[in-house]
Amino acid sequence: MELSDGMDIAAYSTANAQTSLMQAVGTTVLKKTMDMVEAEGAQLAQMMELSVNPDVGANIDIRI
């Protein structure tokens, strides 16, 4: 952001602080989202590992 003739230092400082805050918030939200996706992926991998049992469903007991 360049200082124009009509923009004083206080306005520039305020705009710069707001931009920095928005970037910090965006980065934090992105990190939280990435952490959540990573945790969900780990849970999915664990569920898939537990579901792999070749003996399940191989035999059926039927009584009439």
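Remember, predicted model here, so these are calculated numbers, not experimental data.
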Pair up each side-chain donor or acceptor in residues 39-48 with any protein partner under 3.5 Å, not counting sequence neighbours, and list the distances.
none

Please give the remaining members of the hydrophobic cluster of [X], linking ILVMFWY side chains under 4.5 Å, ordered by chain and number.
X: V37; value: none
X: M22; value: none
X: M36; value: none

Sequence neighbours excluded, every pair satisfying salt bridge (Lys or Arg N to Asp or Glu O under 4.0 Å) that has a member inside residues 15-27: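 Listed by first then second residue: nothing to list.
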Inter- and intrachain pairs under side-chain hydrogen bond (donor to acceptor under 3.5 Å, both in side chains), touching residues 21-37, at least two apart: K31-D35
Point-to-point distance, once rounded to the nearest 0.5 Å, from CG of N16 to CG of L21: 11.5 Å
